Protein chains: 2
Amino acid sequence: MIEPVSRSFAIMEALSRRPRGTVAVLAGETHLPRPTVVRLLKTLVELGYATRISREAGYRLTDKVLGLAQGIRFVDRLIDAAAPHMSRFTRRYGWPLYLGTISDRAMTIRHSTATESPMSFERTALQRRSPLLSSALGRAWLAFCPAEERRGVLRHLGVKPDAKLAAAFARIRSDGYAFTVLPRSGRLQGIGVAIRDGERVMGCLSMRFIRSAMTEDEAGRRYGAPLNALAAAIAADADR
Amino acid sequence: MIEPVSRSFAIMEALSRRPRGTVAVLAGETHLPRPTVVRLLKTLVELGYATRISREAGYRLTDKVLGLAQGIRFVDRLIDAAAPHMSRFTRRYGWPLYLGTISDRAMTIRHSTATESPMSFERTALQRRSPLLSSALGRAWLAFCPAEERRGVLRHLGVKPDAKLAAAFARIRSDGYAFTVLPRSGRLQGIGVAIRDGERVMGCLSMRFIRSAMTEDEAGRRYGAPLNALAAAIAADADR
DNA sequence: TCGACAAAGTTCGTATTACGGAATAGCCTT
DNA sequence: AAGGCTATTCCGTAATACGAACTTTGTCGA
């Protein structure tokens, strides 16, 4: 961990939380001595990521930080590509779909057709995070991502990769879809597939349905193929 | 300029330009030795801004960088685009400039070159609010904004839109600039123009001068065109 | 207009810490 | 199984970031 780098990001994070910040405020929040804050700010200004407003008003971030996020906007491209396909699916089959991407040890819901579904049983779940190990989204992602990444993530989660887990992922890969691991009382079930571009998993789709409507086997037989076709169509659109 | 900070941003910028990057590619593009790149990447990963995908695919930025951009609003982009133009203007003509945007029944001063002006007669006026009806900033905004928006704002201010007012706005539109409506005793005068993008008014500029230095007519003749050129240049820069 | 206060910014001697060449480990290809 | 390539770790060294003390600058009250 390179200290100056860590400190510079502490300053940027503190600045990102307010329209502008004075040296005193930033020093207080980051627990850094004032000269250090001044020096770091000078560097950030020189690099173009911050601007000095005035002595009293302090500093603020510039829109150059938007440039750093440029690549991240890929997520948006994925959503743009996926949305019409997902809507068509939901219109045709009725069940709501969720699109999630990996984000720091969990899947984050980026888009959903829950509002368009007649069987909409949940409020809008945007930005909600789903567990990697038990949700259909997370299990689909883990099963299809590169083995090395999977190992890293499991280690990060503090999970020992055992034979049982490996078998579960192998099963998901051969089936082409994953299911939510439900407690006995769970009423809602999910079936998840991966949106793949070669080795890379761009995101995952999950269709949610009521447990009493069909068994896992039925869900797989009926919707496995359509869901994978959907994922393939989205993948094709997403990287133009 | 703190070297490690500068280098870490070089890495992030290189990463932001591609979906993922290997150590070799990043080292090549940043002209840094590979061990340094590895060390910086480790730090970025530890901080959560980057993730290791796999040995061959390398690293990618995470969506945590979006968090840094959360505070950047459109206003900042406008200021970033405007600031250098405004400074050049003040250096050339001497008079201080103010940049304001509409904000709940008043214009809020977002940026000013008052401190850079030899004729600086006011303290820092940042965040100060100027009345819509009497300030040059406000009158420029009202005159050039869409008619429907103007009607709404006037109603909101409790002002009956009469013929006199309509004529004043028509005059501003044909002149291309507005003036402060001063009490007899006022010493400072302002001339304002709109920064436009099609129908939309992104913000307004106002140049302030001492009343005894010139009449309104003279100010309009001398500075009307340069101010509008300035506004056009800013508008062009602001939406790339 | 002045003076006291507060906060920003600078200096500089020191010790930390980042640096990078060389060695090693890890992965893929043949 | 071995070779070749690249990522990663090591470690002695020197550069450089650090921060206590000091100076400057702007604000606010009288």
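Here the structure is a predicted model, which means the values were calculated and not measured. Below, chain A is the first sequence line, B the second, and so on; all start at residue 1.
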- Assess the side chains of B/R60 and B/T51: does a donor N or O sit below 3.5 Å from an acceptor N or O?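 No, no side-chain donor-acceptor contact under 3.5 Å.
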Could you state the atom-to-atom distance from [atom1] of [X] to [atom2] of [N] in whole Å?
X: A/R55; N: D/dT23; atom1: CZ; atom2: C1'; answer: 11 Å
X: B/L41; N: D/dT9; atom1: CG; atom2: P; answer: 12 Å
X: B/L40; N: C/dA18; atom1: CG; atom2: P; answer: 10 Å
X: B/I11; N: C/dC19; atom1: CD1; atom2: P; answer: 10 Å
X: A/R7; N: D/dT16; atom1: CZ; atom2: P; answer: 17 Å
X: A/L32; N: C/dA8; atom1: CG; atom2: C1'; answer: 16 Å
X: B/L44; N: D/dT8; atom1: CG; atom2: P; answer: 13 Å
X: B/R52; N: D/dA7; atom1: CZ; atom2: C1'; answer: 8 Å

- Task: Classify the ring geometry between A/F179 and A/Y177 as parallel (under 30°), tilted (30 to 60°) or perpendicular (over 60°).
- Result: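 Ring orientation, 0 to 90° scale: perpendicular.
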- Verify the contact: side-chain N or O of A/K42 to OP1 or OP2 of C/dT10, cut-off strictly under 4.0 Å; return yes or no.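 So the side chain of A/K42 is within the cut-off, an N or O lying under 4.0 Å from OP1 or OP2 of C/dT10.
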- D/dG19 OP1/OP2 closer than 4.0 Å to side-chain N/O of A/T36: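 Checking D/dG19 against A/T36, a side-chain N or O does come within under 4.0 Å of OP1 or OP2.
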- Query: Base, sugar-phosphate, or nothing for A/P33, non-hydrogen atoms under 4.0 angstrom?
  - Reply: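 Sugar-phosphate contact only - A/P33 comes under 4.0 Å of backbone atoms but never of a base.
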- DNA chain C: A/V25 or A/I2, which has the more 5' nearest nucleotide?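 Here A/V25 is the residue nearer the 5' end.
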- Let me know, please, whether A/E3 or A/Y59 comes out on the 5' side of the other along DNA chain C by nearest nucleotide.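 That would be A/Y59.
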- Query: Centres of the B/Y59 and B/Y49 rings: under 6.0 Å?
  - Reply: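 No, the ring centres sit 6.0 Å or more apart.
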- Query: Is there a donor and acceptor pair, one atom on the side chain of A/R34 and one on the base of C/dA7, closer than 3.5 Å?
  - Reply: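 No, no donor-acceptor pair under 3.5 Å.
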- Message: Using a distance-only criterion (donor-acceptor N/O pair, under 3.5 Å, no hydrogens), is the base of D/dG19 paired with the side chain of A/R39?
- Response: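 Indeed, a donor on one side and an acceptor on the other fall under 3.5 Å apart.
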Nearest listed nucleotide, side chain of [X], among [options]:
X: A/V38; options: D/dC18, D/dA7, C/dT10; answer: C/dT10
X: B/P4; options: D/dA7, C/dG9, C/dC19; answer: C/dC19
X: B/P35; options: D/dG19, D/dA17, C/dG20; answer: C/dG20

- Task: Take atom CZ of A/R18 as the centre, draw a 6.0 Å sphere, and report whether it contains more than 12 heavy atoms from other residues, nucleotides or ligands.
- Result: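 Result for CZ/A/R18: enclosed.
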- Message: Given the ring of A/F144, does A/R173 sit roughly above its face, with NZ or CZ under 6.0 Å from the centre of the six-membered ring and within 45° of the axis?
- Response: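 Cation-pi check for A/R173 and A/F144: fails.
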